[in-house]
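Positions are given from 1, in the same order as the sequence printed here. It should be emphasised that the depicted structure is a prediction, and the values quoted were computed from it without experimental measurement.
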Amino acid sequence: MITRRKALCLGLGTVAGVSPIGRSLMSKLASGAYLFDSGFRPSPVSSDKPLSERAAAKGLLYGTACRQHNLCSDLNYVRAIARECSILVPEWELKWAASYPPLRPTPDTFNFTLADWMADFAQTHGMQFRGHTLLWHLSLPSWFAETVTAQNAEGYLIKHIQTVVKRYAGRIHSWDVVNEAIELEDGRIDGLRKSPWLDLLGIDYIDLAFRAASEADPKALLVYNDYGLDYDTPEVDKKRQAVLNLLESLKARGTPIHAFGLQGHLGGRNGLSSGRLRTFLSQIASLDLKILVTELDVVGAKLPLPNNLYDRLVAITYEDYLNVVLDEPAVIAVLTWGLSDRYTWLSDFKPRSSNAHVRPLPLDNQFNRKLAWNALARAFDHAPKR
Ligand code: XIL
């Protein structure tokens with residue numbers, strides 16, 4: 001006998017289309033995790049304690065990425081961040097050339113105006129501050145390709161890292177020293193991405209970057225950050241192994257690396273299979289590395305669903321994932337890649353097929369708490385204490 005619940009979810013399964021994420025999440029819904037009839041709503045957490053407090057009670061930091069131009073123009077956004085977060089990371093301002101004015105206007109100059117503003121903002125609001133990212137294959141300035149050569153690349157790498165890291169030494173919780181260095185589709189045996197840095201300096205660029213950062217700020221937690229490691233598919237298994245191989249090789253050569261950044265852009269093609277994710281995190285922890293969830297959000301572009309259902313699917317995705325990840329004691333922080341649907345990169349990067357506004361984050365575009373907020377709150381409340 002198909003219960004009303006099952007029928008509802010099966011019906012929704014067609015609404016969600018044939019996408020595997022729709023089906024796997026629908027089966028989750030059928031289990032009664034989150035029902036849509038008014039008779040059952042996700043159990044709301046007791047009290048309106050902010051996410052930062054709930055995280056801190058378990059020895060965790062919770063925060064978000066944000067952009068200076070949004071903070072300086074939206075007081076309600078500032079209030080929401082100040083209420084919910086205990087750490088922040090500039091979404092653009094510490095990349096080589098993502099903001100305007102860019103951090104690196106010319107080969108010989110730095111413009112710290114926006115990055116300083118962000119560091120001061122964090123300090124003023126009593127928040128920790130993390131740096132993102134010292135070396136990445138993207139957000140490189142237009143002068144980079146015509147200026148940096150195999151002969152001078154090491155100098156540019158060291159100059160950039162030493163100058164930037166020294167400036168914030170003592171004010172930074174952690175640095176994403178190298179970002180997204182693994183790309184299996186580039187076909188290398190070691191899985192390394194054919195980034196400009198690899199082309200210019202060879203595989204030693206990663207070790208070199210960490211050593212330069214460690215020399216500039218011995219107190220900062222130095223992180224290797226990457227994505228696409230959350231769901232169980234053959235490709236993800238291979239990428240997890242390539243990341244582990246990289247981390248093991250860095251540790252073996254004495255590279256001053258202290259943590260791994262799991263970006264956590266969720267919404268994979270398959271449902272979450274906690275076993276292999278737990279093992280992956282445990283293997284990282286066994287290398288004496290801490291783990292940060294650095295860019296958590298839910299990419300639900302292919303779910304042409306009404307917002308009330310969409311929000312429940314997003315909430316389930318967060319809670320399922322964090323219930324697994326936060327079981328790993330080496331996890332010390334969770335940052336979402338944005339706090340409010342008003343400001344999310346996914347509006348441009350992964351718009352919804354239905355052209356409805358994307359709704360990936362804990363707060364809606366009026367900074368009200370959503371089911372996603374409730375899911376993060378529940379996950380922090382249920383997490384083991386560090
Ligand atoms: C993204 C920003 O959010 C966008 O605004 C920008 O256009 C591109 O970069 N992984 C990362 C982040 O490490 O730096 C990226 O941030 C998102 C993917």
Side-chain angles (χ1 to χ4, degrees), residues 51-52 54-66 81 84-91 94-95 118 122 127-136 165 168 171-182 206 209-210 213-214 217 219-230 239-240 243-244 246-247 250-251 255-266 277-278 280-298 318 321-339 361-362 376 379-380 383-386:
L51 295 176
S52 57
R54 295 170 190 273
K58 301 304 173 70
L60 289 157
L61 289 167
Y62 168 73
T64 184
C66 46
I81 286 184
E84 300 288 351
C85 300
S86 54
I87 186 169
L88 68 82
V89 60
E91 185 174 347
L94 277 170
K95 291 171 179 173
M118 295 291 275
M127 291 178 203
Q128 300 258 19
F129 185 55
R130 72 181 311 267
H132 174 83
T133 177
L134 294 171
L135 287 197
W136 193 26
V165 174
Y168 300 104
R171 301 176 70 188
I172 280 268
H173 168 270
S174 52
W175 272 107
D176 289 336
V177 176
V178 174
N179 192 35
E180 304 180 354
I182 297 288
I206 299 174
F210 276 91
S214 176
D217 183 357
K219 292 200 174 74
L221 205 66
L222 302 181
V223 182
Y224 171 69
N225 192 48
D226 216 328
Y227 69 97
L229 299 157
D230 314 297
K239 184 161 185 176
R240 284 173 177 166
V243 166
L244 284 168
L246 173 62
L247 296 174
L250 291 171
K251 291 294 281 185
T255 302
I257 177 172
H258 313 119
F260 174 65
L262 179 69
Q263 288 189 11
H265 294 296
L266 304 180
L277 178 57
R278 285 179 195 279
F280 174 60
L281 297 177
S282 168
Q283 288 170 308
I284 291 173
S286 69
L287 295 172
D288 192 25
L289 293 172
K290 295 298 183 188
I291 298 168
L292 297 83
V293 178
T294 52
E295 306 185 15
L296 187 62
D297 55 18
V298 176
Y318 278 131
Y321 184 75
L322 288 177
N323 282 345
V324 173
V325 169
L326 295 180
D327 268 354
E328 172 48 62
V331 175
I332 59 170
V334 174
L335 291 95
T336 43
W337 203 246
L339 179 64
L361 293 170
L376 267 68
F380 288 138
K385 191 171 174 56
R386 269 79 188 125

Open item on the list: Counting C-beta onward and ignoring hydrogens, is there a side-chain heavy-atom pair between V223 and W175 closer than 4.5 Å?
Closed with: no

Open item on the list: Checking the side chain of Y224 only, and the main-chain atoms of A181 only, is there a donor and an acceptor separated by less than 3.5 Å?
Closed with: yes

Open item on the list: Tell me if a side-chain donor or acceptor on D217 pairs with a main-chain N or O of K219 at a distance below 3.5 Å.
Closed with: yes

- [ ] Find out whether L322 and L376 are in side-chain contact, i.e. whether some heavy atom of one side chain is under 4.5 Å from a heavy atom of the other.
- [x] yes

TODO: Grab the two heavy atoms, one from V331 and one from V325, that are nearest each other, plus how far apart they are.
DONE: CG2-O, 3.4 Å

Task: Residues E328, R278; criterion side chain to side chain contact (heavy atoms under 4.5 Å, CB included); working and verdict - done: CA-CA 7 Å; E328 172 48 62; R278 285 179 195 279; over 6 Å; no

- [ ] Check whether any side-chain N or O of R386 sits under 3.5 Å from a backbone N or O of P384 as a donor-acceptor pair, and report yes or no.
- [x] yes

- [ ] Taking the side chain as every heavy atom from C-beta outward, state whether I332 and H173 have any pair of such atoms under 4.5 Å apart.
- [x] yes

Task: Short side-chain to backbone donor-acceptor contact, K385 and A57, under 3.5 Å - done: yes

Open item on the list: Can you tell me how far apart CE (M127) and CE (M118) are? Round to the nearest 0.5 Å.
Closed with: 10.0 Å

Task: Check: D230/Q263 side-chain N/O donor and acceptor closer than 3.5 Å - done: no

- [ ] Please identify each residue that fulfils salt bridge (charged side-chain N to carboxylate O under 4.0 Å, His left out) with D226, with sequence neighbours left out.
- [x] K239

Task: Nearest-0.5 Å distance, CG of residue D327 to CG of residue L281 - done: 10.0 Å

TODO: May I ask you to test the L94-D176 pair for a side-chain heavy-atom distance under 4.5 Å?
DONE: no

- [ ] Mark yes or no for whether T255, through its side chain, and L250, through its backbone, hold a donor-acceptor pair below 3.5 Å.
- [x] yes

TODO: Step by step, work out the side chain to side chain contact (heavy atoms under 4.5 Å, CB included) result for W136 and E180.
DONE: CA-CA 7 Å; W136 193 26; E180 304 180 354; 2.8 Å; yes

Task: V334 side chain near L296 side chain, heavy-atom distance below 4.5 Å - done: yes

TODO: Determine yes or no for a side-chain-to-main-chain donor-acceptor pair under 3.5 angstrom, with E295 supplying the side chain and W337 the backbone.
DONE: no

- [ ] Spell out, as yes or no, whether a donor-acceptor pair under 3.5 Å connects the side chain of T336 to the backbone of G338.
- [x] yes

- [ ] Give a yes or no answer on whether the side chain of T64 reaches the backbone of L88 with a donor-acceptor pair at less than 3.5 Å.
- [x] no

- [ ] Find the distance between CG (N179) and CG (L135) and round it off to the nearest 0.5 Å.
- [x] 9.5 Å

Task: Any donor-acceptor pair under 3.5 Å from R130 side chain to V89 backbone - done: no

Open item on the list: Distance to the ring centre below 6.0 angstrom and angle to the axis at most 45 degrees; does that hold for R171 and F129?
Closed with: no

TODO: Return the minimal non-hydrogen interatomic distance between G131 and I172, and the atom names on each side.
DONE: N-CD1, 3.6 Å

Open item on the list: I'd like to know if the side chain of H258 reaches the main chain of L222, judged simply by a donor and an acceptor atom lying under 3.5 Å from each other, with no hydrogens or angles considered.
Closed with: yes

TODO: To the nearest 0.5 angstrom, please state how far the OG atom of S174 sits from the CD1 atom of I87.
DONE: 5.0 Å

TODO: Please report the shortest heavy-atom distance between I81 and C66, naming the atom on each side.
DONE: CD1-CB, 3.9 Å

Distance-only check: which donor-acceptor pairs under 3.5 Å involve side-chain atoms of residues 283-294, not counting sequence neighbours?
{"unit_1": "S286", "atom_1": "OG", "unit_2": "Q283", "atom_2": "O", "d": "2.5"}
{"unit_1": "T294", "atom_1": "OG1", "unit_2": "N225", "atom_2": "OD1", "d": "2.7"}
{"unit_1": "T294", "atom_1": "OG1", "unit_2": "L262", "atom_2": "O", "d": "3.4"}

